[in-house]
Protein chains: 2
Amino acid sequence: MSTPDQKLTSTSYAILGMVQMLGTCTTYELGKAMQGSFDYFWPRARSLIYAEVKRLGVLGLLEARKDSVGKRPRTTYSSTPAGKEALAAWLTTPPRTFTLEFEGLLRVYLAPFGTRDDLLQALQTVAGQADTMLHVGAAFKRSYLEGTSPFMDQIHVRALLNDFLVNYADLVRQWSERSIASVRGWEDLTPEGKLEAALGTFTNLPIQDSPSG
Amino acid sequence: MSTPDQKLTSTSYAILGMVQMLGTCTTYELGKAMQGSFDYFWPRARSLIYAEVKRLGVLGLLEARKDSVGKRPRTTYSSTPAGKEALAAWLTTPPRTFTLEFEGLLRVYLAPFGTRDDLLQALQTVAGQADTMLHVGAAFKRSYLEGTSPFMDQIHVRALLNDFLVNYADLVRQWSERSIASVRGWEDLTPEGKLEAALGTFTNLPIQDSPSG
DNA sequence: ATTCTCATGTAAGTCGTTACATGATTTG
DNA sequence: CAAATCATGTAACGACTTACATGAGAAT
């Protein structure tokens, strides 16, 4: 009963969950943990977290304890029964759709208004970004296989999560590499002589070009 | 020279590019085109486009012509030399990093605070969303293979684009399906008896758990 | 002792969304 | 001709970001 859910955002629940996971934490620790865990699928700026925990405290979904370090005040948060209830209630609702924001694809779409080299550089930047992500994934993999990760007891769900994330990074990496290879084979961005390969790419997409309607 | 780039966002350039692609268009047509093309990698609300073309008009990057339909006024836009220059200049800069916002993964991470069935439902929702995306991809594929797409002359770059998008949707679909299969095999969300499979998942990730360095 | 990094926030601003209002056009 | 849908915006609001300010602790 009650579930007093005012206007909470998904970020609110992300915070509620992370605090519950950590038990008790300062906002800084919370921020670090969120950055380390959520950055690739729910990225948020630090300052937002400071604002949000405050709000969740007022709503009674987090317990805020003031202490201080030196003569500087700070706040430490922990979960409340109401907070746990709210989180559990949210978890029963369907997730909003996943959205991608991929400027690199915008560059591909608009490539004909720039140069071939612009496109190549954009794709190389993307490849580098994917590579970084793969390194992070590799570190996670190592920490779980070696058993050095905190939250080893969560390994069964974290496996699902990393399964997605690593395959996702790998997809971006591979896509950017084969795209670079394609573009390298071009002299410019005009359509001339590029139809055949394009049709081949479409044909090989892992999908049925099945009945409309 | 000049490149008077005030504070333009990536969305500004997306608009600049789409208008240049269309030649001349009403804001409504522009919005439709953007929705149809960018929705999966650069989603933006209609109303933002109305606001943005107006601004781009003031900046001289788009030409705005007022006409009317019945006694209702409307504005039609087309590209200007300055606009084309600005777009070309932007295309030389490196793209910002791709970001994902995937509430489904948040649900996976926080799953232990809810029930097994919550998690299953969330994953099924995701599978459905990926499926929808695959249908859109299939339609694109068909239109290009049949040669019925407008902008057939862009097929070489669109092939790169759809290569990513379809494989991405396919990844989400397949991931959600194998995750559902995993969770179906569980009786609850406790760690008991789930270690082996999790370790296997990590081991099989397409990545080296290579030297830290 | 100074400097650099860690830690704890606040303030201002913006990009973008949801909701609304209303005219025009098609459809039943 | 009434209802639904297409078309053309505006207004209000909010979630999130960037930039700033500053204390504490570590390093040199």
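Naming: A, B, ... by sequence-line order, numbering from 1 per chain. The structure displayed is predicted, hence computed values, not measured ones.
No side-chain heavy atom of E101(B) sits under 4.5 Å from any side-chain heavy atom of E101(A).
Counting 5' to 3', DNA chain D first comes under 4.0 angstrom of a heavy atom of chain B and last does so at the ends given by dC6(D) to dT10(D).
Here dT17(C) presents its C1' atom at 14 Å from CD of Q35(B), a figure rounded to the nearest Å. Between Y28(A) atom OH and dT10(C) atom P there is a gap of 17 Å when expressed in whole angstrom units.
Nearest heavy-atom pair, E103(A) versus P95(B), reported as atom, atom and distance to 0.1 Å: OE1-CA, 3.2 Å. Heavy atoms only, all atoms of each residue included: R65(A) and T24(A) are closest at NH2-CG2, 3.8 Å. For the residue pair D153(A) and H156(A), the shortest heavy atom distance occurs at O-CE1, 3.3 Å.
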Output side-chain donor-acceptor pairs under 3.5 Å for residues 161-172 of chain A, partner residues at least two apart or in another chain, one line each.
residue : atom : partner : partner atom : Å
D163(A) : OD1  : N167(A) : ND2          : 2.8
D163(A) : OD1  : R178(B) : NH2          : 2.8
D163(A) : OD2  : R178(B) : NE           : 2.7
D163(A) : OD2  : R178(B) : NH2          : 3.2
N167(A) : ND2  : D163(A) : O            : 2.7
D170(A) : OD2  : Q174(A) : NE2          : 3.2

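Contacts of residues 37-50 of chain B with DNA chain D (heavy atom under 4.0 Å): S47(B), Y50(B). Taking every heavy atom of residues 66-73 of chain B and every atom of DNA chain D, pairs under 4.0 Å involve R72(B), P73(B), by number.
Comparing E101(B) and K54(B) by the nucleotide of DNA chain D that holds the closest heavy atom to each, the one mapping nearer the 5' end is K54(B).
Taking the side chain to side chain donor-acceptor pair (under 3.5 Å) definition, one finds that R116(B) meets it with nothing, sequence neighbours left out.
Residue pairs satisfying the salt bridge (Lys or Arg N to Asp or Glu O under 4.0 Å) criterion with at least one member in residues 122-131 of chain A, sequence neighbours excluded, are listed as follows: D131(A)-R173(A).
Of the inter-residue distances, the one linking F202(A) atom CZ with S149(B) atom OG reads 7.5 Å to the nearest 0.5 angstrom. Atoms CD and OH, on Q154(A) and Y109(B) in that order, are 7.5 Å from each other to the nearest 0.5 Å.
Figure legend: cation-pi geometry between R46(B) and Y28(B), with NZ or CZ positioned under 6.0 Å from the six-membered ring centre and within 45° of its axis.
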